[in-house]
Structures are given as structure tokens and as C-alpha cells.
Amino acid sequence: GEQRGERVTFDEFHAEKRSSVAKLAQFIDGDDSGVLQLSANLGFLGRDRSLPDAIRAAKAAGFDAVEVHWPYDVDPAEVKAALDETGLPLLGLNTDRGDVANGENGLSALPGREPEARAAVDQALAYALATGARNIHVMAGFAQGAQAENVFVSALEYACAKAEPYGITILIEPLNHYDAPGYCLSTTSHAEELIERVAQDTLKLMFDCYHVQLMEGDISHRLARLKPVIGHIQFARVPDRGPPDGGELNYSHVFDVIR
């Protein structure tokens, strides 16, 4: 659901440099050894090649999983074949953004667009089932106020009801107001309120350290406190969304908190 992210190719890094391209990666839960596993975000990484080939390149580069943004123009059978070939799990995908040419970035909080928002959830769920994706990020869109929030809650209730029988998690992600001004959801505190209102175990928070630091800060305490509702974690250098080798956050410490 990001508004910003530069084009990077797999030829620009090797497996031993995974940490330096972490703006393109997301965490899966560490194993019992405390080793953190990395997932290549193919919404940013590998856009110089087809999605199936990007999955293969992620495997060759040493990543442990992949995830995508909007893969809907690619046959899910081709994606599934590449996942099976590499043994990489697909962690998740996003619901459709709507009319991108006119600046839309999600449909689920837009009053009057409820049928399209539900269709976007149905589309994402069908793709997730065809590819084995574990999570669906339901994108809210640019809308503000009580009506928009109520529309978003209804959309999340619909998504959770649809996803729950298949064991698929629904994610919501606060986006910062520098990159996505006017987005319906911009703070973890607001996300907590929404999760409490929906009251479904299927609904979790996607905690992006980059967005959270820009909007709220206090990353270590927030990660610890929000752990019960976090379903996925992202990270990048702040404030420029580069590799996590500098900037405002000490990721060596943050990674220890996640472990």
C-alpha cells in the first residue's frame, strides 16, 4: 500500500547483502533459534522481470519468502508454479487500489464505493487461495471522518468473514501522511481502535517501522505493546526509506525487540 519506493533489480545485490536491501523486505516470525527470516517484497524488488522470475530470483538471492502488491495481471497458476519450484511461501498481497490514474489508493473506506471494495476483497481472496498467500492487506483509501471509518469497518467485517474459513489473515496498515496524505488510517492507535471494533481474530496490524516512526515514534515500546495484534512487520530507513543502515532508527536494537 505504499506511495513511495524506488525501482531496484536483483542484480544490485547478493544473498550476503540482504540486510542492506531491507526496505524491500519484510519479516516473517523468527524460528526457535531467534534467527529472523526475510521476505522479498516484490512490489518493489524485481520489477525488471516477470513475477514468476522475480520469485525465482528472490530464492537465488537467499530470501526466505516473498510477497506482492497487486499481482492481478499475472496468471496465479504461473505464480503458484514458481512458488512450488522455489519452495518459497507467499506471505501476502494487497486489495486493488481503484483508479490509480486519478489518485486512488484503496477503496474500502470510500463511501459509495462499497460494491467495488467488496469485489476487491473477493478478487484478493481468490488470488490468495490460488497461490497459497497467507495474508491480505485491505487498503482503506483516501477518506476522512466518521462516515469513512464506518464504511471501512464494514469492509473489514466483510473481509474477515470471507477469509476466516480459509485461515487467511486480514491486515490493515497505517500509512504516514507525508507519503499518503489523507489516507484513512495513519496511526497504530487508530488501527487498534478499528481492530477492537471489528473484534475478529482474523484482523491484524501490519506494523511498518518506517511509517510508524514518521507518525508516532517510540518504536520499541509500540512493538512490545502491540505484539498481540501484529500480523506482519516491515522496516526501512527513516526518513528516506532507504536500507536500514542509518537514519533515525537503530535497527540492531529494533531487531532484538522483534526477536
Side-chain angles (χ1 to χ4, degrees), residues 1-5 19 22-30 36 39 41 43-44 67 69 91-92 94-95 97 105-106 108-109 135-146 148-153 155-156 169-200 203-259:
E2 326 302 354
Q3 289 294 95
R4 194 168 124 202
S19 296
K23 66 173 178 176
L24 310 168
Q26 303 177 339
F27 279 126
I28 323 172
D29 289 339
L36 292 170
S39 169
N41 185 339
F44 293 127
E67 84 174 60
H69 283 170
L91 295 192
N94 298 340
T95 56
R97 286 184 291 178
N105 195 36
S108 295
N135 305 285
I136 295 173
H137 170 207
V138 174
M139 299 197 64
F142 297 122
Q144 300 286 309
E149 181 166 318
N150 289 337
V151 169
F152 192 28
V153 167
L156 293 174
T169 299
I170 299 299
L171 299 173
I172 54 175
E173 179 187 19
L175 304 183
N176 77 77
H177 61 197
Y178 301 103
D179 296 337
Y183 195 74
C184 183
L185 179 60
S186 60
T187 66
T188 58
S189 58
H190 189 190
E192 278 187 283
E193 294 171 4
L194 292 171
I195 290 170
E196 289 176 3
R197 281 189 62 181
V198 175
Q200 295 293 325
L203 181 62
K204 297 293 184 181
L205 168 66
M206 183 165 3
F207 189 109
D208 186 329
C209 297
Y210 165 75
H211 288 298
V212 176
Q213 174 66 11
L214 285 174
M215 293 300 298
E216 302 171 274
D218 197 17
I219 293 292
S220 296
H221 288 107
R222 290 187 194 282
L223 280 168
R225 185 176 65 80
L226 293 169
K227 185 176 181 180
V229 298
I230 291 175
H232 205 55
I233 300 174
Q234 302 176 327
F235 62 98
R237 187 171 61 208
V238 182
D240 64 351
R241 207 173 202 178
D245 52 2
E248 296 179 10
L249 290 176
N250 176 2
Y251 273 112
S252 293
H253 171 73
V254 172
F255 297 164
D256 285 340
V257 173
I258 294 171
R259 289 187 181 94

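No hydrogens, no waters, no symmetry mates; every other heavy atom, side chains included, goes into these values. If you're wondering where the values come from, they're calculated on a predicted model, not measured in any experiment.
Across every non-hydrogen atom of T187 and H190, the tightest pair is OG1-N, 3.1 Å. Here the closest heavy-atom approach between residue R222 and residue V212 is recorded as CD-CG1, 3.8 Å. For the pair S186 and P174, the tightest heavy-atom approach, listed with the atom from each and the gap, is C-CB, 3.5 Å. For the residue pair Q234 and M206, the shortest heavy atom distance occurs at NE2-SD, 3.2 Å. Considering every non-hydrogen atom in both I172 and H137, the closest pair reads CA-CD2, 4.2 Å. Taking all atoms of both residues into account, the shortest heavy-atom contact from S39 to E67 is OG-N, 3.7 Å.
Contact check for H69 versus N41: side-chain heavy atoms found under the 4.5 Å cut-off. In this structure, the side chains of H232 and K204 stay at 4.5 Å or more apart for every pair of heavy atoms. Side-chain contact between V229 and T188: absent, with no pair of heavy atoms (C-beta onward) separated by less than 4.5 Å. Taking the side chain as every heavy atom from C-beta outward, I219 and V257 never approach each other to under 4.5 Å. The shortest distance between side-chain heavy atoms of C209 and I233 falls below 4.5 Å. Looking at heavy atoms from C-beta onward, E216 lies in side-chain contact with S189 at the 4.5 angstrom threshold. No side-chain heavy atom of H211 sits less than 4.5 Å from a side-chain heavy atom of L185. With contacts defined as side-chain heavy-atom distances shorter than 4.5 Å, the pair L249/Y210 does not qualify.
Under the side-chain contact (heavy atoms from CB on, under 4.5 Å) rule, I195 has a single partner from L156, I170, L226, L205, which is L205.
With values rounded to the nearest 0.5 angstrom, Q213 atom CD is found 15.0 Å from F235 atom CZ. Here the straight-line distance linking atom OH of Y251 with atom CD1 of I258 works out to 8.5 Å at 0.5 Å rounding. Remark: E248 CD to N250 CG distance equals 12.5 Å, nearest 0.5 Å. Taken from CD in E192 to CD in E196, the straight-line distance is 6.5 Å, to the nearest 0.5 Å. For the atom pair CG of L175 and CE of M139, the computed distance is 6.0 Å after rounding to the nearest 0.5 Å. The line from CG of L91 to CG of N135 is 6.5 Å long, rounded to the nearest 0.5 Å.
Looking at residues two or more places apart in sequence or on another chain, you find no salt bridge (charged side-chain N to carboxylate O under 4.0 Å, His left out) involving D218.
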Intermediate values then yes/no, side-chain contact (heavy atoms from CB on, under 4.5 Å), R197 and N150: CA-CA 10 Å; R197 281 189 62 181; N150 289 337; 3.1 Å; yes
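Using modelled atom types, one side-chain atom of Y183 and one backbone atom of A140 make a donor-acceptor pair closer than 3.5 Å.
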